[in-house]
Enquirer: 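Quick one: the structure is below, questions incoming.
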Amino acid sequence: MAEISGLSIHVRGIVQGVGFRPHVYQLAVKNNLTGWVRNTSNGVEIEIAGNPEAIKAFSSELRKFPPPLARIDEYKEREIKDVINAYAKFEIIESEPNSSQFIPVSPDMSICPDCLNELFDPTNRRFRYPFINCTNCGPRFSLIKDIPYDRPFTTMADFPMCPSCREEYENPGDRRFHAQPIACPECGPHIIFKSHGKTIHHNEDALQAAKDALINGQIVAIKGLGGYHLACDATNHKAVDTLRQRKRRVDKPFALMSFSVETIQKYCLISPEERSLLESRQKPIVLLNKSSSCSLPDQLAPGQNSLGFMLPYTPLHYLLLEPLSGFPDTLVMTSGNLSEEPIAFDDLDAENRLSGLADAFLTHNRGIYMRVDDSVKRVVNKKAVFTRRSRGYAPDPFPFPFQTMPIFAAGAELKNHFTLTRDKYAFHSHYIGDLENFETLQSYEQAIEHFERLFRIKPEVFACDLHPDYLSTRYSEDRSHKENKQLIQIQHHHAHMAACMLENGLPADEVVIGLTFDGTGYGLDSSIWGGEILIGDYSGFYRRFHLRYFPLPGGDTAVRNPARIALSILQTCNMDWDPTLPSVSQFSSKELHIIKNQINQKINSPLTSSMGRIFDAVSSMLGIRQTVTYEGQAAIELENHASVDETGSYEFIVSGDIIDYQPVIESILQEILKGVPAGVISARFHNTVSNLCLSVANNISRDTSLRTVVLSGGVWQNTLLLTKTIKLLESNGFKVLTHQKVPTNDACISLGQAAIAANIIKKET
């Protein structure tokens with residue numbers, strides 16, 4: 001009689017909704033093992049019995065080769081002794097929920113190659129079905145209401161499976177074995193075309209009606225995976241202009257979608273790394289440099305040298321964009337919202353909010369439980385970096401190296417993401433947006449409630465920014481007070497530095513040099529920081545250098561008007577306002593008098609040390625951008641003007657702990673008056689900032705022997721500056737850490753807040 005042994009296995013990680021149980025089943029049957037597998041609120045549990053060598057082979061293969069979308073974070077085995085009769089067979093048994101336990105949840109994933117082949121196969125029963133999916137693809141996070149990840153806990157609970165789908169679902173040899181969103185035309189959701197509030201068409205007729213509307217230059221609101229898009233023909237100048245006017249999006253670029261990489265190559269240059277990113281399972285928007293032959297309208301991305309393209313990631317997108325004569329090969333596919341509002345995802349809300357923006361709706365009756373906007377990435381130095389982390393990536397957690405009580409980290413005001421920690425995980429949320437209106441605050445609070453329920457987290461500590469007027473700060477203050485929990489307020493740039501340290505896996509006791517450059521961050525002295533060179537670790541920091549302060553005449557008004565910043569810097573440097581300078585000539589003499597009085601009398605003119613605002617000022621002085629309609633616009637356009645091969649530079653003066661920009665501004669002004677091209681001056685300015693980074697790093701290293709430099713803050717979204725600075729620092733022997741798992745802008749703040757709070761708690765206990 002063959003020797004029988006048993007093994008109990010517990011697996012945690014991304015192991016639900018990714019075909020893990022079917023994979024275990026097939027592996028057990030392959031090795032002639034008996035037992036069971038089930039989902040729990042704490043992961044996946046397995047019990048197997050059989051030949052010891054077969055069990056060993058099973059365990060080895062499971063750990064080394066999990067399903068494509070799975071990720072094993074924890075794998076524990078326990079031997080079961082005295083196995084006599086073992087089990088009759090191997091089976092998948094009923095899930096076991098537990099209100100106190102949790103597991104990570106898979107992000108939404110794009111349609112897989114197998115489903116895509118079936119979608120366009122006339123012999124397949126799901127031919128042209130817009131909701132085709134399997135265990136290797138499809139909706140996940142956007143439709144999950146609770147764990148364990150079973151159909152009754154998703155928005156698919158409203159669609160009972162037909163006999164054919166049920167047979168596939170229960171067949172261990174089928175690709176859809178225990179695929180929770182499984183559906184077909186007989187039993188699943190369907191698409192609807194609406195116009196003027198009335199349902200006009202269903203199913204294939206609805207799809208064709210939407211295509212006709214797009215061909216005719218109309219704007220169509222399309223319900224996707226995590227919310228609505230507003231779509232129009234990207235080659236139609238009038239349609240693009242109309243969408244801009246209705247959406248109140250003056251200059252900010254629109255995202256684009258094409259059927260294939262080959263189509264995108266008609267308009268943009270694509271490197272192997274960028275192609276890989278476009279075709280990845282996540283299908284993010286990828287920022288690509290325009291080709292010289294690009295024929296798309298400039299108003300898709302005014303003042304920019306790049307376009308944001310993505311490939312279809314749902315079956316509906318593929319059906320909509322399938323290559324047909326007369327249909328545009330590229331669509332605008334921008335977030336379904338009015339400028340600065342959260343993306344619409346609820347059907348009634350979408351009709352109310354988007355009816356004035358869209359001429360028609362292509363919608364469906366599969367519910368979206370949590371709105372998730374598109375992710376945005378680009379390739380820098382052959383590595384993918386985030387501009388926005390959301391669909392396809394969230395809520396995939398980060399390993400959290402600090403054992404601590406549960407923490408809620410509120411994030412910043414702009415580009416908000418929050419973070420919740422539990423055990424060894426930091427759950428960094430999807431993109432929330434700018435917390436500057438009631439609608440986005442509501443979205444923020446709803447997402448927090450969902451994360452806390454989904455991952456069974458009851459925060460014991462609240463961490464937030466120092467800024468007293470941030471809505472995220474006020475939320476943290478209110479909740480910590482009501483729940484009688486500890487509140488920890490954290491300086492903005494320290495959080496930037498800590499976030500980069502955390503994602504690069506630095507230990508708690510490592511001290512680094514932090515070059516934290518951005519537009520706005522509340523300082524310890526109540527001024528607006530943003531050009532900060534820090535020395536520190538997770539627990540604390542020392543502000544070693546910073547840019548010389550200058551006033552922002554009008555506060556937020558100056559942020560929206562770089563010309564005001566340029567005038568302020570000239571005044572701070574005791575330089576005349578030359579009437580031929582673009583920053584000066586756009587104002588009337590009366591306006592100039594008012595601005596000068598604001599600066600001199602310190603009327604609503606907060607002081608700042610912001611590097612981001614210096615970029616804005618230079619952009620204005622060069623006549624590139626005097627007013628902005630979205631954050632970072634002036635700096636982006638300044639970068640786009642830079643002459644790539646220019647090697648000249650200017651020089652900051654460092655005295656004590658102050659970095660003085662006056663020599664730089666004086667040199668720039670002289671060159672402007674001499675008629676030096678804006679592209680040359682822009683490049684020299686970028687070179688100057690990179691040289692400054694090396695200079696201050698060398699200065700600190702001489703005093704401290706530190707050789708690790710962290711780059712964080714929105715200014716480092718500037719690809720030209722980033723690549724120049726990394727090259728310069730590394731060639732001089734510094735280890736340079738940058739963001740790759742979260743954006744370098746304020747989206748990373750909550751991750752840093754969580755790391756800092758954990759270390760403060762550790763020191764207190």
Side-chain angles (χ1 to χ4, degrees), residues 68 108-122 124 126-134 136-138 191 204 207-208 210-215 220 222 224-226 229-236 239-240 253-297 300-301 306-334 362 374-379 384 391-392:
D108 300 288
M109 287 294 168
S110 65
I111 182 173
C112 69
D114 289 331
C115 284
L116 186 58
N117 287 334
E118 292 175 350
L119 181 68
F120 290 108
D121 179 2
N124 191 278
R126 291 187 177 86
F127 175 56
R128 301 186 68 79
Y129 181 56
F131 304 96
I132 188 171
N133 66 81
C134 69
N136 297 324
C137 68
I191 56 174
E204 188 69 25
L207 179 68
Q208 296 308 317
K211 289 185 176 185
D212 290 342
L214 292 165
I215 290 171
V220 181
I222 299 172
L225 197 63
H229 286 112
L230 291 169
C232 72
D233 177 359
T235 67
N236 186 323
V240 174
F254 284 142
L256 306 173
M257 182 180 282
S258 293
F259 186 84
S260 66
V261 170
E262 288 68 32
T263 302
I264 299 174
Q265 284 177 322
K266 291 167 57 178
Y267 308 113
C268 291
L269 305 173
I270 303 177
S271 68
E273 294 80 13
E274 289 165 338
R275 183 179 187 120
S276 177
L277 196 53
L278 282 165
E279 295 177 337
S280 66
R281 291 191 181 101
Q282 293 84 1
K283 297 289 194 304
I285 298 168
V286 181
L287 302 180
L288 304 166
N289 289 327
K290 288 195 282 188
S291 64
S292 58
S293 60
C294 180
S295 60
L296 292 174
L300 290 170
S306 62
L307 292 170
F309 266 99
M310 58 181 158
L311 293 175
Y313 54 86
T314 71
L316 180 58
H317 290 142
Y318 272 103
L319 293 170
L320 192 65
L321 276 154
E322 62 181 329
L324 294 172
S325 177
F327 190 76
D329 63 10
T330 300
L331 297 178
V332 170
M333 199 68 73
T334 188
L362 180 62
D374 294 313
S375 294
V376 184
K377 301 187 83 172
R378 74 183 313 156
V379 173
R391 175 189 53 78

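Just so you know, these numbers use all the heavy atoms, side chains as well, and skip hydrogens, waters and symmetry mates.
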Enquirer: Would you name the heavy atoms of Cys294 and Leu307 that are closest together and state the gap between them?
Expert: SG-CD1, 4.1 Å
Enquirer: Excluding sequence neighbours, so at least two apart, what forms ring pair (Phe, Tyr, Trp, His ring centres under 6.0 Å) with Phe254?
Expert: none
Enquirer: Please report the shortest heavy-atom distance between Ser110 and Cys137, naming the atom on each side.
Expert: O-CB, 3.1 Å
Enquirer: Indicate yes or no: at least one non-hydrogen side-chain atom of Ile264 is less than 4.5 angstrom from one of Leu278.
Expert: yes
Enquirer: For Ser271, enumerate each residue passing the side chain to side chain donor-acceptor pair (under 3.5 Å) test, keeping only those at least two apart in sequence or located in another chain.
Expert: Glu273, Glu274
Enquirer: May I ask you to check whether Phe127 and Tyr129 place their ring centres under 6.0 Å from each other?
Expert: no
Enquirer: Report yes if the side chains of Val286 and Phe309 come closer than 4.5 Å at any heavy-atom pair, otherwise no.
Expert: no
Enquirer: Enumerate the salt bridge (Lys or Arg N to Asp or Glu O under 4.0 Å) contacts for residues 314-325, please, sequence neighbours excluded, ordered by first and then second residue.
Expert: Arg128-Glu322, Lys211-Glu322
Enquirer: Do Thr235 and Val240 have side-chain heavy atoms sitting under 4.5 Å apart?
Expert: no
Enquirer: Please step through side chain to side chain contact (heavy atoms under 4.5 Å, CB included) for the pair Ile191 and Leu319, ending with a clear verdict.
Expert: CA-CA 12 Å; Ile191 56 174; Leu319 293 170; over 6 Å; no
Enquirer: Who are the salt bridge (charged side-chain N to carboxylate O under 4.0 Å, His left out) partners of Arg281, not counting sequence neighbours?
Expert: none
Enquirer: Which atom pair, heavy atoms only, marks the closest approach of Asn133 to Gly138?
Expert: CB-CA, 4.1 Å
Enquirer: Who pairs with Pro312 by side chain to side chain contact (heavy atoms under 4.5 Å, CB included), at least two apart in sequence or on another chain?
Expert: Met257, His317, Tyr318, Leu321
Enquirer: The criterion is side chain to side chain contact (heavy atoms under 4.5 Å, CB included); which residues satisfy it with Leu287, sequence neighbours excluded?
Expert: Val376, Arg378, Thr387
Enquirer: Would you please name every residue forming a side chain to side chain donor-acceptor pair (under 3.5 Å) with Asp374, sequence neighbours left out?
Expert: His229, Tyr313, Arg391
Enquirer: Which atom pair, heavy atoms only, marks the closest approach of Pro328 to Ile215?
Expert: CD-CG1, 4.2 Å
Enquirer: Would you check if the side chain of Asp329 reaches a backbone N or O of Phe327 as a donor-acceptor pair within less than 3.5 Å?
Expert: no
Enquirer: Only counting residues at least two apart or in another chain, list the ones meeting side chain to side chain contact (heavy atoms under 4.5 Å, CB included) with Leu269.
Expert: Ser291
Enquirer: Could I get the full list of ring pair (Phe, Tyr, Trp, His ring centres under 6.0 Å) partners for Tyr267, not counting sequence neighbours?
Expert: none
Enquirer: Holding to side chain to side chain contact (heavy atoms under 4.5 Å, CB included), I want the full list of residues that pass it with Asn289, two or more places apart in sequence or in another chain.
Expert: Ser306
Enquirer: Of all the heavy-atom pairs spanning Ala210 and Leu320, show the shortest one and how long it is.
Expert: CB-CD1, 4.3 Å
Enquirer: Which residues satisfy the side chain to side chain donor-acceptor pair (under 3.5 Å) test with Ser375, sequence neighbours excluded?
Expert: none
Enquirer: When you look at Glu118 and Ile132, which way does the side chain to side chain contact (heavy atoms under 4.5 Å, CB included) test go after all the steps?
Expert: CA-CA 8 Å; Glu118 292 175 350; Ile132 188 171; 3.5 Å; yes
Enquirer: Work out which heavy atom in Leu311 is nearest to a heavy atom in Val261; give both atom names and the distance.
Expert: CD2-N, 3.7 Å
Enquirer: By side chain to side chain donor-acceptor pair (under 3.5 Å), which residues pair with Asp121, not counting sequence neighbours?
Expert: Thr123
